[in-house]
Amino acid sequence: MIGVYDSGYGGLGVLAHLRAALPDHDFVYLGDNGRAPYGGRDVGTVLDFAEQAVERLIEEGCEIVVVACHTVSCVGLRHLQRRYAPVDGRFRVLGVTIPGAELAVRHTRGHVGVLATARTVASGTWEAEIHKLDPSVRVSQVAAPLLAAIVEEGWEDSPVARDAVARYVARLPGGVDTVVLGCTHYPLLLPAIRQAMPDGVLVVDPAPFVADRLVDWARRHPGRLEAGSGALRVLCTGDAAAFVLHGARFLGAPIPEVIPIAEHQGRLAHRGASASPAGQVVR
Ligand code: DGL
(Lines give C-alpha, C1' and ligand atoms only; values in the text may rest on other atoms or scores of the structure.)
Protein backbone atom coordinates (compact mmCIF):
# COMPACT_ATOMS: atom_id res chain seq x y z
CA MET A 1 0.00 0.00 0.00
CA ILE A 2 1.29 3.43 -0.93
CA GLY A 3 0.55 6.37 1.36
CA VAL A 4 0.30 9.87 -0.05
CA TYR A 5 0.30 12.78 2.36
CA ASP A 6 -0.46 16.43 1.81
CA SER A 7 -1.53 19.44 3.84
CA GLY A 8 -4.90 19.26 2.10
CA TYR A 9 -6.34 18.82 -1.37
CA GLY A 10 -3.32 19.68 -3.51
CA GLY A 11 -1.56 16.35 -3.20
CA LEU A 12 -4.54 14.73 -4.91
CA GLY A 13 -3.01 16.07 -8.13
CA VAL A 14 0.18 14.14 -7.34
CA LEU A 15 -1.93 11.10 -6.40
CA ALA A 16 -3.63 11.23 -9.81
CA HIS A 17 -0.24 10.85 -11.53
CA LEU A 18 0.88 8.12 -9.10
CA ARG A 19 -2.28 6.08 -9.65
CA ALA A 20 -1.99 6.43 -13.43
CA ALA A 21 1.63 5.25 -13.25
CA LEU A 22 0.95 2.37 -10.82
CA PRO A 23 -2.64 1.30 -11.54
CA ASP A 24 -2.25 -2.10 -9.86
CA HIS A 25 -1.36 -0.64 -6.48
CA ASP A 26 -3.54 0.40 -3.56
CA PHE A 27 -3.26 3.92 -2.18
CA VAL A 28 -4.17 5.67 1.06
CA TYR A 29 -4.38 9.46 0.83
CA LEU A 30 -4.14 11.58 3.96
CA GLY A 31 -5.18 15.21 3.51
CA ASP A 32 -4.64 17.42 6.55
CA ASN A 33 -7.18 19.97 5.31
CA GLY A 34 -8.33 20.73 8.86
CA ARG A 35 -4.90 22.24 9.59
CA ALA A 36 -3.99 23.60 6.14
CA PRO A 37 -2.44 25.76 4.88
CA TYR A 38 0.99 24.72 6.14
CA GLY A 39 2.89 27.31 4.14
CA GLY A 40 2.82 30.06 6.76
CA ARG A 41 3.40 27.80 9.77
CA ASP A 42 6.56 27.49 11.85
CA VAL A 43 8.94 24.59 11.31
CA GLY A 44 8.13 22.80 14.61
CA THR A 45 4.41 22.71 13.84
CA VAL A 46 4.98 21.41 10.31
CA LEU A 47 7.19 18.62 11.71
CA ASP A 48 4.63 17.69 14.39
CA PHE A 49 1.84 17.49 11.83
CA ALA A 50 4.02 15.50 9.44
CA GLU A 51 5.00 12.97 12.12
CA GLN A 52 1.35 12.40 13.00
CA ALA A 53 0.45 11.91 9.35
CA VAL A 54 3.28 9.48 8.62
CA GLU A 55 2.50 7.49 11.79
CA ARG A 56 -1.13 7.23 10.74
CA LEU A 57 -0.12 6.01 7.28
CA ILE A 58 2.17 3.41 8.87
CA GLU A 59 -0.82 2.25 10.96
CA GLU A 60 -2.80 2.02 7.72
CA GLY A 61 -0.25 -0.53 6.49
CA CYS A 62 1.70 1.60 4.01
CA GLU A 63 5.11 0.32 2.91
CA ILE A 64 5.99 3.70 1.51
CA VAL A 65 4.80 7.27 2.02
CA VAL A 66 5.07 9.89 -0.68
CA VAL A 67 5.11 13.34 0.91
CA ALA A 68 3.29 15.19 -1.86
CA CYS A 69 3.28 18.47 0.05
CA HIS A 70 6.14 20.69 -1.07
CA THR A 71 6.24 22.53 2.25
CA VAL A 72 6.72 19.29 4.23
CA SER A 73 9.08 17.86 1.63
CA CYS A 74 11.29 20.97 1.83
CA VAL A 75 11.21 21.37 5.61
CA GLY A 76 10.92 17.88 7.02
CA LEU A 77 11.75 15.09 4.57
CA ARG A 78 15.18 14.32 6.06
CA HIS A 79 13.68 14.31 9.56
CA LEU A 80 10.90 11.92 8.54
CA GLN A 81 13.33 9.63 6.71
CA ARG A 82 15.61 9.40 9.75
CA ARG A 83 12.80 9.02 12.27
CA TYR A 84 10.83 6.34 10.42
CA ALA A 85 13.50 4.41 8.52
CA PRO A 86 14.06 2.06 11.49
CA VAL A 87 10.40 0.95 11.55
CA ASP A 88 11.39 -2.30 9.86
CA GLY A 89 14.33 -1.24 7.74
CA ARG A 90 12.12 -1.37 4.65
CA PHE A 91 9.65 1.45 5.15
CA ARG A 92 10.42 4.47 2.99
CA VAL A 93 9.44 8.13 2.94
CA LEU A 94 9.92 9.90 -0.40
CA GLY A 95 9.38 13.57 -1.24
CA VAL A 96 8.75 15.79 -4.23
CA THR A 97 11.66 18.24 -4.06
CA ILE A 98 14.48 16.04 -5.38
CA PRO A 99 12.48 14.92 -8.45
CA GLY A 100 11.46 18.56 -8.94
CA ALA A 101 15.07 19.69 -8.77
CA GLU A 102 16.09 16.99 -11.28
CA LEU A 103 13.37 18.18 -13.63
CA ALA A 104 14.43 21.82 -13.31
CA VAL A 105 18.09 21.05 -13.95
CA ARG A 106 17.17 18.88 -16.93
CA HIS A 107 15.33 21.79 -18.58
CA THR A 108 17.08 24.98 -17.52
CA ARG A 109 19.56 26.96 -19.55
CA GLY A 110 21.00 28.38 -16.31
CA HIS A 111 18.40 30.25 -14.27
CA VAL A 112 15.53 28.51 -12.44
CA GLY A 113 12.62 30.33 -10.82
CA VAL A 114 10.60 28.68 -8.04
CA LEU A 115 7.09 29.71 -7.00
CA ALA A 116 6.22 28.25 -3.59
CA THR A 117 4.85 28.86 -0.10
CA ALA A 118 6.65 31.17 2.31
CA ARG A 119 7.88 28.24 4.45
CA THR A 120 9.21 26.41 1.39
CA VAL A 121 11.10 29.51 0.24
CA ALA A 122 12.47 30.12 3.76
CA SER A 123 13.81 26.54 3.90
CA GLY A 124 16.18 27.17 0.97
CA THR A 125 15.77 23.49 0.03
CA TRP A 126 15.07 24.07 -3.67
CA GLU A 127 18.30 25.97 -4.04
CA ALA A 128 20.22 23.33 -2.07
CA GLU A 129 18.85 20.40 -4.10
CA ILE A 130 19.35 22.13 -7.45
CA HIS A 131 22.91 23.06 -6.49
CA LYS A 132 23.70 19.45 -5.53
CA LEU A 133 22.93 18.58 -9.15
CA ASP A 134 24.46 21.65 -10.79
CA PRO A 135 26.07 24.40 -8.69
CA SER A 136 26.24 26.72 -11.69
CA VAL A 137 22.44 27.07 -11.93
CA ARG A 138 21.06 30.31 -10.50
CA VAL A 139 17.91 29.82 -8.39
CA SER A 140 15.42 32.64 -7.71
CA GLN A 141 12.51 31.89 -5.40
CA VAL A 142 9.28 33.82 -4.93
CA ALA A 143 6.85 33.16 -2.08
CA ALA A 144 3.27 33.26 -3.35
CA PRO A 145 1.16 32.77 -0.21
CA LEU A 146 -2.16 33.86 -1.71
CA LEU A 147 -2.19 31.36 -4.55
CA ALA A 148 -3.04 28.20 -2.59
CA ALA A 149 -6.00 29.98 -0.96
CA ILE A 150 -7.26 31.23 -4.34
CA VAL A 151 -7.15 27.69 -5.72
CA GLU A 152 -8.93 26.28 -2.65
CA GLU A 153 -11.74 28.77 -3.26
CA GLY A 154 -12.02 27.43 -6.80
CA TRP A 155 -11.09 30.84 -8.25
CA GLU A 156 -8.23 29.66 -10.47
CA ASP A 157 -9.97 30.99 -13.59
CA SER A 158 -10.80 34.46 -12.29
CA PRO A 159 -9.47 38.03 -12.47
CA VAL A 160 -8.34 37.65 -8.83
CA ALA A 161 -6.20 34.65 -9.78
CA ARG A 162 -4.77 36.32 -12.88
CA ASP A 163 -3.92 39.50 -10.95
CA ALA A 164 -2.28 37.65 -8.03
CA VAL A 165 -0.30 35.41 -10.40
CA ALA A 166 0.87 38.41 -12.45
CA ARG A 167 2.07 40.19 -9.29
CA TYR A 168 4.06 37.17 -8.07
CA VAL A 169 5.50 36.40 -11.50
CA ALA A 170 6.64 40.03 -11.76
CA ARG A 171 8.82 39.40 -8.67
CA LEU A 172 10.90 36.83 -10.54
CA PRO A 173 14.08 38.48 -11.80
CA GLY A 174 14.76 38.82 -15.52
CA GLY A 175 16.68 35.96 -17.09
CA VAL A 176 14.71 33.12 -15.46
CA ASP A 177 14.24 30.52 -18.21
CA THR A 178 12.48 27.71 -16.30
CA VAL A 179 9.92 28.08 -13.52
CA VAL A 180 9.09 25.20 -11.17
CA LEU A 181 5.66 24.98 -9.56
CA GLY A 182 6.84 24.39 -6.00
CA CYS A 183 3.41 23.96 -4.42
CA THR A 184 0.81 21.25 -4.96
CA HIS A 185 -1.92 23.80 -5.75
CA TYR A 186 -0.22 25.70 -8.55
CA PRO A 187 -0.80 23.22 -11.43
CA LEU A 188 -4.45 24.33 -11.33
CA LEU A 189 -3.19 27.85 -12.08
CA LEU A 190 -1.11 26.78 -15.07
CA PRO A 191 -3.09 28.77 -17.66
CA ALA A 192 -2.81 31.97 -15.58
CA ILE A 193 0.88 31.34 -14.83
CA ARG A 194 1.72 30.64 -18.49
CA GLN A 195 -0.16 33.77 -19.52
CA ALA A 196 1.77 35.93 -17.04
CA MET A 197 5.17 34.50 -17.91
CA PRO A 198 7.41 36.23 -20.44
CA ASP A 199 7.74 34.42 -23.81
CA GLY A 200 10.20 31.57 -23.84
CA VAL A 201 9.99 30.75 -20.13
CA LEU A 202 9.22 27.08 -19.51
CA VAL A 203 6.87 26.22 -16.63
CA VAL A 204 7.33 22.75 -15.13
CA ASP A 205 5.11 20.77 -12.75
CA PRO A 206 7.07 18.16 -10.78
CA ALA A 207 4.01 15.90 -10.18
CA PRO A 208 4.20 13.68 -13.31
CA PHE A 209 7.95 13.33 -12.81
CA VAL A 210 7.45 12.32 -9.15
CA ALA A 211 5.31 9.45 -10.49
CA ASP A 212 8.03 8.47 -13.00
CA ARG A 213 10.60 8.42 -10.20
CA LEU A 214 8.38 6.20 -8.02
CA VAL A 215 7.92 3.74 -10.89
CA ASP A 216 11.70 3.74 -11.32
CA TRP A 217 12.18 3.17 -7.56
CA ALA A 218 9.71 0.26 -7.63
CA ARG A 219 11.61 -1.27 -10.57
CA ARG A 220 14.92 -0.96 -8.70
CA HIS A 221 13.41 -2.43 -5.49
CA PRO A 222 11.44 -5.47 -6.66
CA GLY A 223 9.04 -6.89 -4.09
CA ARG A 224 9.03 -3.77 -1.93
CA LEU A 225 5.61 -2.53 -3.06
CA GLU A 226 2.81 -5.04 -2.78
CA ALA A 227 0.50 -5.05 -5.79
CA GLY A 228 -3.21 -4.60 -5.08
CA SER A 229 -6.38 -3.87 -6.98
CA GLY A 230 -6.08 -0.13 -7.55
CA ALA A 231 -8.12 0.69 -4.42
CA LEU A 232 -8.12 4.17 -2.91
CA ARG A 233 -8.83 5.02 0.73
CA VAL A 234 -9.06 8.69 1.66
CA LEU A 235 -8.61 10.18 5.14
CA CYS A 236 -8.95 13.85 5.99
CA THR A 237 -8.73 15.95 9.13
CA GLY A 238 -11.09 18.73 8.06
CA ASP A 239 -14.53 19.01 6.56
CA ALA A 240 -15.09 15.68 4.79
CA ALA A 241 -17.94 17.00 2.62
CA ALA A 242 -15.79 19.91 1.43
CA PHE A 243 -12.98 17.45 0.76
CA VAL A 244 -15.21 15.39 -1.54
CA LEU A 245 -16.41 18.53 -3.30
CA HIS A 246 -13.09 20.34 -3.82
CA GLY A 247 -10.87 17.27 -3.99
CA ALA A 248 -12.42 16.13 -7.26
CA ARG A 249 -10.92 19.19 -9.03
CA PHE A 250 -7.44 18.15 -7.95
CA LEU A 251 -7.85 14.41 -8.51
CA GLY A 252 -9.61 14.90 -11.85
CA ALA A 253 -12.09 12.21 -10.73
CA PRO A 254 -14.76 11.73 -8.08
CA ILE A 255 -13.45 11.26 -4.54
CA PRO A 256 -14.61 8.05 -2.88
CA GLU A 257 -15.92 7.98 0.68
CA VAL A 258 -13.77 10.09 2.99
CA ILE A 259 -12.86 8.84 6.47
CA PRO A 260 -12.74 11.70 9.00
CA ILE A 261 -9.75 11.74 11.35
CA ALA A 262 -8.59 14.26 13.94
CA GLU A 263 -5.72 14.84 16.31
CA HIS A 264 -6.30 13.18 19.67
CA GLN A 265 -3.44 13.05 22.18
CA GLY A 266 -0.82 13.52 19.48
CA ARG A 267 -2.28 10.91 17.12
CA LEU A 268 -4.53 11.18 14.09
CA ALA A 269 -7.46 9.07 15.24
CA HIS A 270 -10.86 8.31 13.71
CA ARG A 271 -13.58 10.78 14.57
CA GLY A 272 -17.33 10.90 14.02
CA ALA A 273 -18.54 12.59 10.87
CA SER A 274 -20.82 14.97 12.82
CA ALA A 275 -20.62 18.57 11.71
CA SER A 276 -19.41 21.23 14.17
CA PRO A 277 -22.39 22.82 15.93
CA ALA A 278 -23.11 26.49 15.35
CA GLY A 279 -23.05 28.92 18.27
CA GLN A 280 -21.35 28.63 21.63
CA VAL A 281 -20.07 25.37 23.00
CA VAL A 282 -19.49 24.66 26.69
CA ARG A 283 -17.53 21.56 27.72
N1 DGL B 1 0.62 21.25 0.05
C2 DGL B 1 1.09 22.60 0.25
C3 DGL B 1 2.40 22.79 -0.52
O4 DGL B 1 2.59 22.18 -1.54
C5 DGL B 1 0.00 23.54 -0.17
C6 DGL B 1 0.02 24.90 0.44
C7 DGL B 1 -0.07 24.97 1.96
O8 DGL B 1 -0.51 24.05 2.65
O9 DGL B 1 0.32 26.05 2.45
O10 DGL B 1 3.26 23.52 -0.09
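Order of appearance sets the numbers: ligands from 1, and atoms from 1 within every ligand. Since this is a predicted model, take the numbers as computed values, not measurements.
- In terms of N/O distances under 3.5 Å, ligand 1 is approached by Thr184.
- Every atom of ligand 1 with a heavy atom of Ser7 under 4.0 Å away is listed here by number and element: 1 (N), 2 (C), 5 (C), 7 (C), 8 (O).
- In summary, Arg267 and Glu263 do not engage in a salt bridge, as defined by a charged side-chain N under 4.0 Å from a carboxylate O.
- For the pair Asp32 (side chain) and Gly8 (backbone), a donor-acceptor distance under 3.5 Å is absent.
- Residue contacts with ligand 1: Cys183 is included, with a non-hydrogen atom under 4.0 Å away.
- Any N or O atom pair closer than 3.5 Å counts here, and Tyr38 shares at least one such pair with ligand 1.
- Within the 4.0 Å heavy-atom criterion, the part of His185 lying near ligand 1 is the side chain and not the backbone.
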(request) Show the numbers, then the answer: is there a side chain to side chain donor-acceptor pair (under 3.5 Å) between Glu152 and His185? (result) CA-CA 8 Å; Glu152 295 222 338; His185 288 55; 2.8 Å; yes

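- Near Thr117, meaning under 4.0 Å from one of its heavy atoms, ligand 1 places the atoms 6 (C), 9 (O), 10 (O).
- Counted by atom type alone, His70 and Thr97 present zero donor-acceptor pairs between their side chains at under 3.5 Å.
- Note: no N/O pair closer than 3.5 Å links Gly40 and ligand 1 by distance alone.
- Taking a cut-off of under 4.0 Å to the non-hydrogen atoms of Thr71, the atoms of ligand 1 that pass are 3 (C), 10 (O).
- Residue His70 has at least one nitrogen or oxygen atom sitting less than 3.5 Å from a nitrogen or oxygen atom of ligand 1, judged on distance alone.
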